Amino acid sequence: MSSNRLIFHVDVNSAYLSWTAVDRIQHGSTMDIREIPSVVAGDPKNRHGIILAKSIPAKKYKIQTGEPLYSALEKCPQLFIVSPCYDLFVRCSNAMMNLLKEYTPRIQRFSVDECFLDFTGMENLYPDYMALANEIKDKIKTELGFTVSIGVSCNKLLAKVASDIKKPDAVTSLFPSEIKEKMWPLDVGDLFMVGRATIPKLNKLNIFTIGDLANYNLDILKAQLKSHGAVIWNYANGIENSPVRTSNHISMKGIGNSTTIPFNVENKEEAHKVILSLCETIGMRLRDSKNFCSLVSISFRTSNFYGYGRQKKLHYYTDSTMKIAEEAYKLFDELWQNEPLRHIGVQVSELCTNEFYQITLFDEKGMDKNRTIDKTIDSIRLRFGSKSIYRCIFLQSGLKPLTGGTNENDFPMMGSTL
DNA sequence: TCTGGGGTCCTAGGACCC
DNA sequence: TCTGGGGTCCTAGGACCC
């Protein structure tokens, strides 16, 4: 049964900030930005000015991840600011994964800085699991230079909550026998899947701690919060039994690409160019993953931050950049009412593998011309880099011909599903 | 110089069919 | 000329995660 499993959750402490700190030290800096009030944040000039990560001293000023940089600076004028370097983050993340693989092959990468390890049935190899967790934590610190917090339990939910209890550089267990003492006193918002919108709803029911939630009447909760109520009630009681999924078992559900443009987009032609540049990357990723899509959606946000979205089910499957772009143009034109835009996104979903359709839809005679072009462009970009070839409409447009990364995130980011 | 980007899952309402 | 219900598909929007 699930109570016999042994699961670790490994969480990098202030990942983006720690990784940047290590990199700076390796490049000769004598200052450790982890020890001063500092943040990783985008550039407000490009309208990317939000806090992506903060140091522990910055946290003392109540600076929060996701808040605008300007408001963080109001709280702490001497705040030290560094720019994100996503290449570095991916390299650090990979280095940690490779280190962890030495301990068990059963690893689920949950995000760039979090993963679950399954040690079930390995008691002979690792008789003392707390010693094992400490060894892993210390090895990451010694060899890679950054600290992690590790949670130890019998399922993923409890392990994840546990890793959050003590930070940084700590190991915490949270087995079912410890729930009452270690988990129930915590704020209900500390529970996985209890976010911004749910907290006030629970507070109205007089639920303030995880213990309050665990002991609440399940039927009333379900009436108020539908299926979500049952999910979080189970979590509050430590009930969760999803497997540690190794990456091979995970299939992608959709691909999205969106961007905030440094200036407002105010005419249709320019918007279409942005959409095309987003579709270039989506198309490449789709083809690279050997999938077709049959649902295209677009979304945008106006300069005064109002969001819109529209989607369309295609009654065919495609992996063509131009096809996706043309569907996206249509959706955009139907929805847009000339408001100035700061942000535009394109998403594709309802994917299916191209293994079968490749033969039936694209036999040699009926081979789509777009498909040949896409394949050729993909291979040129693969050999000579993504800037080696692009559509001439982007020349002197002030827009990037390709938006978003293609292959850097070759691990799935399954944020809200354990 | 105010407010990112990439995911998954669920719900509700309308159209349409039997 | 009273006003049934199921089912599926599609779309919009909102919740959560990192």
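Every chain is numbered from 1 and lettered A, B, ... according to where its sequence line falls, protein lines coming before strand lines. Owing to the predicted nature of the structure, the values given are computational and were not obtained by experimental measurement.
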Do A:Ser416 and C:dC16 have a side chain to base donor-acceptor pair shorter than 3.5 Å?
yes
Contact class for [X] (heavy atom, under 4.0 Å): base, sugar-phosphate, or nothing?
| X | answer |
| --- | --- |
| A:Ser297 | nothing |
| A:Lys313 | sugar-phosphate |
| A:Thr198 | sugar-phosphate |
| A:Gly42 | nothing |
| A:Gly254 | sugar-phosphate |

Residue pair [X] / [Y], side-chain heavy-atom distance below 4.5 Å:
| X | Y | result |
| --- | --- | --- |
| A:Leu418 | A:Gln108 | no |
| A:Leu17 | A:Arg34 | yes |
| A:Leu402 | A:Thr281 | yes |

Hey, do the aromatic rings of A:Tyr86 and A:Phe89 have their centres closer than 6.0 Å?
yes
Please tell me if [X] has a side-chain N or O lying less than 4.0 Å from either OP1 or OP2 of [N].
| X | N | value |
| --- | --- | --- |
| A:Arg301 | B:dT3 | no |
| A:Asn46 | B:dT1 | no |
| A:Thr260 | B:dG5 | yes |
| A:Thr259 | B:dG5 | yes |
| A:Lys253 | B:dC9 | yes |

Give me the ring orientation class for A:His272 and A:Tyr329: parallel if the planes are under 30° apart, tilted from 30 to 60°, perpendicular past 60°.
parallel
Using 30° and 60° as the class limits, which term best fits the ring planes of A:His9 and A:Phe110: parallel, tilted or perpendicular?
perpendicular
For C:dC17 and B:dG4, measure between their C1' atoms and round to the nearest Å.
15 Å
Any donor-acceptor N/O pair, [X] side chain to [Y] backbone, under 3.5 Å:
| X | Y | value |
| --- | --- | --- |
| A:Arg391 | A:Leu276 | no |
| A:Asn155 | A:Leu157 | yes |
| A:Asp23 | A:Trp19 | no |
| A:Ser149 | A:Lys166 | yes |
| A:Arg106 | A:Thr246 | no |
| A:His343 | A:Gly307 | no |

Dot-bracket notation for DNA chain B is requested: 5' to 3', Watson-Crick or G-U wobble pairs only, both distances under 3.5 Å, with ( ), [ ], | and . as defined.
....||||||||||||||
Scan nucleotides 11-15 of chain B against the protein and return all N/O pairs shorter than 3.5 Å with their distances rounded to 0.1 Å.
unit_1 : atom_1 : unit_2   : atom_2 : d
B:dT11 : OP1    : A:Ser227 : OG     : 2.9

Identify, between A:Tyr70 and A:Ile255, the residue whose nearest nucleotide on DNA chain B lies closer to the 5' end.
A:Tyr70
Closest nucleotide of DNA chain B for A:Gly256 versus for A:Ser303: which of these residues is on the 5' side?
A:Ser303
Within residues 336-349 of chain A, residues whose heavy atoms come under 4.0 Å of DNA chain B:
A:Arg342, A:His343
Kindly state whether the pair A:Phe305 / B:dT3 counts as stacked, where counting means centroids closer than 5.5 Å and planes tilted less than 30° apart.
yes
If you check every side-chain atom of A:Ser258, which of B:dT3, C:dC17, B:dG6 has the closest atom?
B:dG6
